[in-house]
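What follows is a set of notes on a single structure, which appears directly below.
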Amino acid sequence: MFAVIMSGGKQHRVTEGERLRLERLDAGLGDEVVFDQVLMVGGEDGVQVGQPLLAGGRVTAEVVAQGRGKKIRVIKFKRRKGYMRRQGHRQAYTEVRVTGIDVASAA
């Protein structure tokens, strides 16, 4: 069974037991997180698509890690003008393990 959820303005296709890196969530290590913005659920009995969200759909996950990604370097440069700006960025993330996918039978 799989589901398509929305988190941090992005859509993610998840299955049970999968580990996933998301935009930073305010949750501690070991906390349970519930995603109620479920767009689609599919499995052996077919596919259910929400319009835009699936009523009664929810995905539960456990927070495994909090961290920051690799550093990227941003450089602005104009040749022959003596202009160069350097900036670095590290994106914060939350790593979760999907523990359950639930769909209301009425949906």
Side chains of residues 74-82: which donor-acceptor partners sit under 3.5 Å, not counting sequence neighbours?
none

Distance (rounded to the nearest 0.5 Å) between E18 CD and R97 CZ: 12.0 Å
Value rounded to 0.5 Å, distance of CE in M1 from CG in D102: 8.5 Å
Residue list, side-chain contact (heavy atoms from CB on, under 4.5 Å) with A27, at least two apart or on another chain: D31, V33, V63
Pairing residues for E16 by the side-chain contact (heavy atoms from CB on, under 4.5 Å) criterion, not counting sequence neighbours: none
Pairwise side-chain contact, L53 with L39, heavy-atom cut-off 4.5 Å (strictly under): yes
same_hphob_cluster(L20, L25) at 4.5 Å side-chain heavy-atom cutoff: yes
Results of side-chain contact (heavy atoms from CB on, under 4.5 Å) for R24 - residues two or more places apart only: D26, Q66, A92, T94
Set of residues satisfying side-chain contact (heavy atoms from CB on, under 4.5 Å) with respect to T60, sequence neighbours excluded: E32, V34, R58, T99
Gap separating the NZ atom of K70 from the CZ atom of R90, nearest 0.5 angstrom: 11.0 Å
Could you tabulate the donor-acceptor pairs under 3.5 Å formed by side-chain atoms of residues 2-12, not counting sequence neighbours?
from	atom 1	to	atom 2	distance (Å)
K10	NZ	E23	OE2	2.9

Name of the residue among L22, V98, V14 meeting side-chain contact (heavy atoms from CB on, under 4.5 Å) with F35: L22
Which atom of L29 lies closest to which atom of V64, heavy atoms considered: CD1-O, 3.2 Å
